[in-house]
Every structure is written in C-alpha cells, then in structure tokens.
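To start, the structure itself, in structure tokens.
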Amino acid sequence: MISIYMTQDGRLREREDIVPGAWVDLCAPTEEEIVRVSHELRLDPAAIRAALDEEERSRIEQEDDYLLVLVDTPSVEVQAQRGFVYTTLPFGIILTQDNIVTVCLRESALAQAMTESPMKSFSTKKKNRMTLQMLYRNATLFLFYLREVEKASNRVENELHNSMRNKELIQMLGLEKSLVYFSTSLKGNELVLEKMLRMDFVKNFPDDTELLEDVIIENKQAIEMANIYRDILSGTMDAFASVISNNLNIVMKVLASVTIILTIPTIVFGLWGVNVPVPFENSAAGFWLVIGIAVLCTATSILLMVKKKWL
C-alpha cells in the first residue's frame, strides 16, 4: 500500500500524486508500487526492497541520488499461547533530493504515530528534520513498549504465584524473547545514530544536531531499560524454575512416604497369609492381633518419618 502525505497550513494532508516536498509511505508495497515510486523519484528499487527483508540489519548508506537510513522499529504480534509478543521490523527512511520515502514490511506503529499525532514543527518539506523526528519517535516507541513488557511480566508473575501452569511460563519466555529482540535492535540503531551525528547534513545545523543528540539519549535509555528488564525477567524465570523443581521434589517425597506407609501393612498381612503354620492361627482374637501388629508397625514408621521431617 502506498500513501502520500504533505503538510499544508500546519496540517498533514493526504494526496494522490507524488510532488516535491511530499512524504511517500510504503507499507508492504507491491512490485507495481515499488516500480512506480522508484521511477517517479528516480530511485534505485534496491533501496526500497532493503527494508522489506526481515533479516536486514540497521545501517546507513550514502549514494549520489539518495540517503538510506535503515533502523529497527518495535512491532506487536498476537499469538495464541503467548498473548502479545513484541518484536522488531526494519524501517527504511530514504531521503531523495525533494522527497522523503518510508518503507516497512508491515503496518508500523512509527508511521501511524507520525500520521495521527505529528510532532511540533512537523513538515514534510523539511525532510532532514523530519527524519530526525521519526528517529526520536521511534526511540520513544521502544520506551513505551518496554513499559508494556514490564507490565505484562508483572501480570504473568502474579498469575504464576497462584498457578504454576505451562501457559504462564510460555508467556514469560515470550516476553524474555521480546526483550532480546529489543536489546539487539536498539544496539544496531545506536550505531546508525552515532554515524549520522558525524554526517554533514546534521553537523551543519545546530538544531538538528541537538535533536539527534536527544534521540541518542533516548535510545541509550531504552537500551538500559531493556537490559534491566531482561535481567529481572531472567532472574524471575530461574526463581520460578527452582520453585517448580522444589515443589516436584516435595510431591515425590510425599508420594514415596505414602508408598512406604502403605507397604508395611501389606508386608504384615502377607506374612500371615502364607500357607504354613503361623502364630495366632488357632486363636479367636488372631485377626485383631494381626491388625494390631500392622497398626503398630505403621504408626512407628509414621513417627520416624515425622521425626526425620520426611512428612
């Protein structure tokens, strides 16, 4: 899908044609849309396709006709067992001579945030500053989703206190996996931002340099948060794994003790059930005497297990 926007009278308006100063947003574009944009903007189609590869790493490329800034942006997926799973997607920002082009494999929260609530002094004609504003919004989105991951982990942890089910453990594993994605992507974005800080189109404008420094600070904060949450979640997973293992040991110990207790009467009754002369066989109270011996042996074994804290 292709969407074309342009700021007019301080508002972001959608257009049908590509004109100088417009923002071209490509979301899962078809081959026809890629050809159209590359033809009208005289752009290499490979630059557009770069952001459509899920495994593409964050980088920045300077060519004669365009500048490609490729970063990772947070995304949310819904899975049956794990609930919400947070991951990242490549997000390409291409600066041509007169336009800015954004490309993403799926609908991204970054493009949606820019179209629904544009920042102050947001203008599609100022493509360099708009790029920095997108990067700043991307960093704040990482912070937002990291807080959502923290809330989700606290909720799942509370559920685990009440019920040690596989469902909660799988959700915790999914959240830990999401934090690994976030941490890796943020570190890749950090390299791109630091490289941009040394480029002329930023250094020549003090306001843009200050904005990019703010982006780097937000990105570093997101990296620290991701590392902290990942360590906490990893420690929580280890703790619950130990609790589950300990609970299993307790259950097995109780079952073994009960088995021993039930075995003692069986042994006593088995001894008096053999086909040979046994004590009390001619006594009218022999049955009750055997029962008494079995009860006495069982009670003795229970007292010994309680003393040894096996029960």
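Owing to the predicted nature of the structure, the values given are computational and were not obtained by experimental measurement.
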So, does [X] use its side chain to make a donor-acceptor pair with the main chain of [Y] at under 3.5 Å?
{"X": "Thr115", "Y": "Gln112", "value": "yes"}
{"X": "Glu190", "Y": "Lys220", "value": "no"}
{"X": "Asn219", "Y": "Val215", "value": "no"}
{"X": "Asp98", "Y": "Val19", "value": "no"}
{"X": "Glu210", "Y": "Asp207", "value": "no"}
{"X": "Lys127", "Y": "Gln97", "value": "yes"}
{"X": "Ser301", "Y": "Thr298", "value": "yes"}
{"X": "Thr300", "Y": "Leu296", "value": "yes"}

Check whether more than 12 heavy atoms from other residues, nucleotides or ligands sit under 6.0 Å from atom OH of Tyr66, and answer yes or no. yes
Is any side-chain heavy atom of [X] closer than 4.5 Å to a side-chain heavy atom of [Y]?
{"X": "Ile93", "Y": "Met130", "answer": "no"}
{"X": "Pro74", "Y": "Asn138", "answer": "yes"}
{"X": "Val37", "Y": "Val103", "answer": "no"}
{"X": "Leu146", "Y": "Glu150", "answer": "no"}
{"X": "Asn227", "Y": "Ser183", "answer": "yes"}
{"X": "Ile48", "Y": "Ile94", "answer": "yes"}
{"X": "Leu191", "Y": "Ser58", "answer": "no"}
{"X": "Val290", "Y": "Val268", "answer": "yes"}

Would you give the length of the straight line joining atom [atom1] of [X] to atom [atom2] of [Y], rounded to the nearest 0.5 angstrom?
{"X": "Arg230", "Y": "Leu233", "atom1": "CZ", "atom2": "CG", "value": "10.5 Å"}
{"X": "Thr102", "Y": "Asp25", "atom1": "OG1", "atom2": "CG", "value": "3.5 Å"}
{"X": "Glu16", "Y": "Ser3", "atom1": "CD", "atom2": "OG", "value": "9.5 Å"}
{"X": "Leu212", "Y": "Leu135", "atom1": "CG", "atom2": "CG", "value": "7.5 Å"}
{"X": "Leu68", "Y": "Glu63", "atom1": "CG", "atom2": "CD", "value": "8.5 Å"}
{"X": "Arg36", "Y": "Ser38", "atom1": "CZ", "atom2": "OG", "value": "11.0 Å"}

Tell me whether [Y] is reachable from [X] by hopping between hydrophobic residues (I, L, V, M, F, W, Y) whose side-chain heavy atoms are closer than 4.5 Å.
{"X": "Tyr181", "Y": "Val149", "value": "no"}
{"X": "Leu186", "Y": "Ile217", "value": "no"}
{"X": "Ile34", "Y": "Ile18", "value": "yes"}

Please assess Leu132 against Met196 for the test side chain to side chain contact (heavy atoms under 4.5 Å, CB included), listing each intermediate value before the final yes or no. CA-CA 10 Å; Leu132 299 179; Met196 289 182 64; 3.8 Å; yes
Do the ring planes of Tyr145 and Tyr86 sit parallel (below 30°), tilted (30 to 60°) or perpendicular (above 60°)?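 Because their plane-to-plane angle lies in the 30° to 60° range, the rings of Tyr145 and Tyr86 count as tilted.
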Could you pull out the closest heavy-atom pair between Ala109 and Leu141, with the gap in Å? C-CD1, 3.8 Å
Run Arg106 and Glu54 through side chain to side chain contact (heavy atoms under 4.5 Å, CB included) and show every step you take. CA-CA 10 Å; Arg106 294 192 295 270; Glu54 290 189 9; 3.3 Å; yes
Lys195 vs Arg59, test: side chain to side chain contact (heavy atoms under 4.5 Å, CB included). Steps then yes/no. CA-CA 9 Å; Lys195 187 175 181 180; Arg59 69 178 190 275; over 6 Å; no
Which pairs count as ring pair (Phe, Tyr, Trp, His ring centres under 6.0 Å) when at least one residue sits in residues 3-45, sequence neighbours excluded?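 Qualifying pairs, neighbours excluded: Tyr5-Trp23.
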So if I apply the side chain to side chain contact (heavy atoms under 4.5 Å, CB included) rule between Leu67 and each of Asn128, Leu95, Thr96, which one comes out positive? Leu95
Between Thr88 and Asp72: side-chain donor-acceptor atoms closer than 3.5 Å: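 There is no such pair between these side chains.
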The test is side chain to side chain contact (heavy atoms under 4.5 Å, CB included); show your working for Ile4 and Asp17 and say whether it passes. CA-CA 7 Å; Ile4 305 171; Asp17 54 338; 5.6 Å; no
When you check the gap from the basic side-chain N to the acidic O, do Glu56 and Arg49 get nearer than 4.0 Å? no
